[in-house]
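What you are looking at is a predicted structure, and each value in this text was computed from that prediction instead of being measured. Side-chain atoms are counted along with the backbone in the values below, which use heavy atoms only and exclude waters and symmetry mates.
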Number of protein chains: 2
Amino acid sequence: MKMTIKEIAKLAGVSQATVSKIINNYEDVGAKTKKRVLEIMEEHGYRPSYSAQSLAKKVTKVIGVIYAGKINANFNHPFFVDVVSSFKKTMGAEGYDLLFFSNEKFHKADENYLARCQHYNVDGCIIIGGDQVEPSVYDLDQSDIPCIGVDIQLEGKTSGYIMTDNEKVSSLAVEHFYLMDQREIGFIGGKADSLVSEQRLDGFKKIMKTYGLSINENWIKFGDFFEDSGYQVMREMLMENEIPKALFAASDLMAMGAIKAIKDSGKSVHDFSIIGCDDITASRHIDPPLTTVKQDKEKIGKMAAYILNDLINKNLQHTAVKIEPELIVRESCGTAKKV
Amino acid sequence: MKMTIKEIAKLAGVSQATVSKIINNYEDVGAKTKKRVLEIMEEHGYRPSYSAQSLAKKVTKVIGVIYAGKINANFNHPFFVDVVSSFKKTMGAEGYDLLFFSNEKFHKADENYLARCQHYNVDGCIIIGGDQVEPSVYDLDQSDIPCIGVDIQLEGKTSGYIMTDNEKVSSLAVEHFYLMDQREIGFIGGKADSLVSEQRLDGFKKIMKTYGLSINENWIKFGDFFEDSGYQVMREMLMENEIPKALFAASDLMAMGAIKAIKDSGKSVHDFSIIGCDDITASRHIDPPLTTVKQDKEKIGKMAAYILNDLINKNLQHTAVKIEPELIVRESCGTAKKV
DNA sequence: ATAATTAACGAAAACGGTTTCGTAAAAAGT
DNA sequence: ACTTTTTACGAAACCGTTTTCGTTAATTAT
C-alpha cells in the first residue's frame, strides 16, 4: 500500500527522476507526462517520504520548540501559551510544522537540544525563556541553527531574541501606584535567576528612586511566575511586622495567588493595591478585576515568527527586539481615587 | 563539522556497520572497540541523522499532534492546554517528541493529516476533538497509524479515544441545582456539532426529566467553548422575556463570559446560579468563585499517553475510556442555602 | 537540407544511516 | 592436536528521495 517513487515511476512508465521533478516543480518535464504521473500519484494516494526527502534535500520545514528550564516548565503558562499559539499560527502560514521537544531530562543524558536539532535537522527553533540559561541552550545558541529566543537572551550569530521592555513594565506599575497615592510598594518577582525578573527588578528600583520612594528589601520577594508561588510569597509577607500596601507582581498568576493569600488571611483585598503583569484572560474576571501591565502576546509570537523566518532565509543578522508594554487599569488598586 | 557515520568509522578504523551497531546497542562488538568508537563519537559531537535513521529503521519516536477543527482551534483552550501538557510529560518520559501539525488549511490543499503523518512517518498521533469530524481526520482514523482521540470518537482498529463521562457531567450540575432549589435551568453548550456538546445536552435532558423538571428550549443555546461565545449567548438570553435563574455552561470560559454579560446588563450575579465545566485555574479566583464540574485533565492526558503507547506496541485493540467528572462546589450558586 | 537550439527525459551517484549474512580469528571442547 | 563453537567484524544491499549531467528527439534558424 505504501507507494514509493519507484513504483509510481514504473506505473507511469517513466523514470524516478521524472517523478521527482514533477514533485519538485521542475520545468523540464512534458505537459502530458506530468498530467499522467500526477493522476497516478493521486490515484494511489502517494506521498513522498519526509525522511527520504529531508535526507536528500537539506530543508525540513520543521521548527523545533524548546522550553528551557525544568521539566515541562512554562508549557502551560498562559503567557507562553498565547505567545506560542500566535507563533504557531504565523509559522503555519509559512508551511512549517512545530516539533516540541520533550525535556531533555527525560532523554538519555547525552541527548541535548543541539543534538536533537541536528538529529531532526530542523530549519530553526524557538526557545522559550526558562529559569536560567542551561549549557544545552547555550550550545544551541552558538550553533549555526537559526534560533529565536522569547524572554531569553540569545547571542549567537544566527540567533535573535524578543521580549517585552521589562524595565518599562515596572515603570508603568510604579507610576500608577504613585498616581494612586501608594508609597509602600512591594515587588514579587518571578524566578529569581530569570532575565525577566532581573530586568523588572532593575526597572522597579530605578523608578522607585526616580520618584524618591524608599525601597524596603523585605518587600522584595521572588516566586516562579505561577500562582502557588504568589500565594506562598504573599503569605510570608503577611506575617511580617511591616506589610506593603501596594504590590507589583511579575505575573497575573502570582497576583492571583497573592490575592488569595490576602483573602485567606482574613484581611480585605480592598485595603491593598495590586498590579499584575501579562494581562491573561482571567485577569478581568477575578475579584477584584486586576489592574495589570499587559504584554502583547499576539505580537510577540508573530514577531518571533517573522524574525525566525528572516534568520532562516538569511535576510537578517542577529537581532534583538523589545515590545512595548501597556498599563490596563481595572479595579485592584481601588476605584475611589480614580479621576 | 557535521560528522557522518562514515567519517567516524574511518577515524576509528572500523566499518560503518560496526559504528551503527554501537549506536544501536548490538551485542556483537568488542568492548575495547566499542569504547574507542564511543570516545571518538563523543569527541566529535557526532549525532546520527534522524532522516537517515527513520528512513532505514521504521520507527521515529515522534508523535503527531492534531487539533481538529478550524485554524488553531483549541490550541490555547485551557482545558486542552492542561490535557496536552500532561500528555506531553508522559510521552516525553517514554522518549517521544511531539510534532504539532499546523492546520492543514495553511498547507496546500492536498496535504491532509494522513498524508502528513505518512510523510513524517510518525509512530502514532493524538487528535484533539474539534467542532466536527473532518474527512481528513476520518482518513487518519481509518489508517493503520495508531491514534488516540481526546473528546472525539475514533473508531479505527488502531485507534482509541478518551473523554470525560459527559452525561454524568450534566447530571452532576443539574443535581446540584436541584439541591439548591433551582428549577429554572438553562444550558449553554459548546460547538453545537461537537460530540461533547451533544452528550452533555443528552445528559442534561435526561436528568431534567428524571427530576421532573421542565425543559425550556429557549434556554438551550450553543457557543464554542470560549469566553466570548458565553458572553454573546447570555446576552441574548438576557433580552428575552423569560430568563433562566440557573445556568449550566459547558465550559468555565463560557461561564465567565456569561457572568460578564450578566454584570454588564446591570443585574446582580448573585441572583443567578451558575455552574461551569472544566475547573480551570481561574475558576476559583473569579467573582463569584465558580462552582464547576471538574474534568481530570491530568488524568486524561496521562491515560491518553498510556493508551497510545499500548496501541503503538500492539498490546491493545481499539479502546474507549471514560473519565469520571467531579462536582466542585464554590460560590456561584449562592452560599445562603448551603447546608 | 543542414546546423544550431531547445525540450524532455533517464542513469546514476548521493544523502546517512541499518541490517543481513558471511567469514576469519579466538575460545572451548574432546 | 583437531574439531566445534563463539566472538568480532565487514561487504554490500537497502531505505526513498533529489540532482547533476548527458543524451536523444523535436524545433527552429539559416
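- Rounded to whole Å, the distance from NZ on B:K32 to P on C:dA25 is 15 Å.
- Which of C:dG17, C:dT18, D:dC15 sits closest to the side chain of B:N24 comes down to C:dT18.
- If you measure from atom NZ of A:K34 to atom C1' of C:dC9, you get 14 Å, rounded to the nearest angstrom.
- If you take OH of A:Y50 and C1' of D:dT18, they are 16 Å apart, rounded to a whole angstrom.
- Taking atom CD1 of residue A:I22 and atom C1' of nucleotide D:dT19, one finds them 15 Å apart after rounding to whole Å.
- In this pair, A:Y120 and A:F101 present their aromatic rings parallel. The plane angle is below 30°, not in the 30 to 60° band.
- We find that CD of B:Q118 is positioned 16 Å from C1' of D:dC15, with the value rounded to whole Å.
- Residue B:T33 places no side-chain N or O under 4.0 Å from the OP1 or OP2 atom of D:dA8.
- As a whole-Å value, the separation of B:D28 CG from C:dA27 P is 17 Å.
- Side-chain nitrogen and oxygen atoms of B:S15 include at least one within less than 4.0 Å of the OP1 or OP2 phosphate oxygen of D:dG10.
- Contact between the side-chain N/O atoms of A:Q53 and the OP1/OP2 oxygens of D:dT18 is found at a separation under 4.0 Å.
- The nearest pair of heavy atoms linking B:G129 to B:I152 is CA-CB, 3.7 Å.
- Among the atoms of the strands shown, none is found under 4.0 Å from any heavy atom of B:V19.
- Map A:T18 and B:K21 each onto its nearest nucleotide of DNA chain D; the residue landing nearer the 5' end is B:K21.
- In this structure, B:I300 and B:F79 have side chains that are in contact, with non-hydrogen atoms separated by less than 4.5 Å.
- Distances were taken from every side-chain heavy atom of B:A52 (C-beta onward) to each of C:dG17, D:dT17, D:dT19; the shortest belongs to C:dG17.
- Contact annotation: B:Y46 reaches the phosphate of C:dG17 (side-chain N/O to OP1 or OP2, under 4.0 Å).
- Between C:dG17 and B:S49, no contact under 4.0 Å exists linking OP1 or OP2 to a side-chain N or O.
- If you take CD of B:Q16 and C1' of C:dC21, they are 17 Å apart, rounded to a whole angstrom.
- Using a 4.0 Å cut-off, some side-chain N or O of A:S20 falls inside it from OP1 or OP2 of D:dT18.
- OP1 or OP2 of C:dG16 sits under 4.0 Å from a side-chain N or O of A:K58.
- The separation between B:L55 atom CG and C:dC15 atom P is 14 Å, rounded to whole Å.
- A side-chain donor from one of B:S159 and B:D141 sits under 3.5 Å from a side-chain acceptor of the other.
- Nearer the 5' end of DNA chain C, as judged by each residue's closest nucleotide, is the contact made by A:V29, out of B:A56 and A:V29.
- Residue B:Y96 comes nearest to A:S102 through the heavy atom pair O-OG, 2.6 Å, listed as atom of the first residue, atom of the second, then distance.
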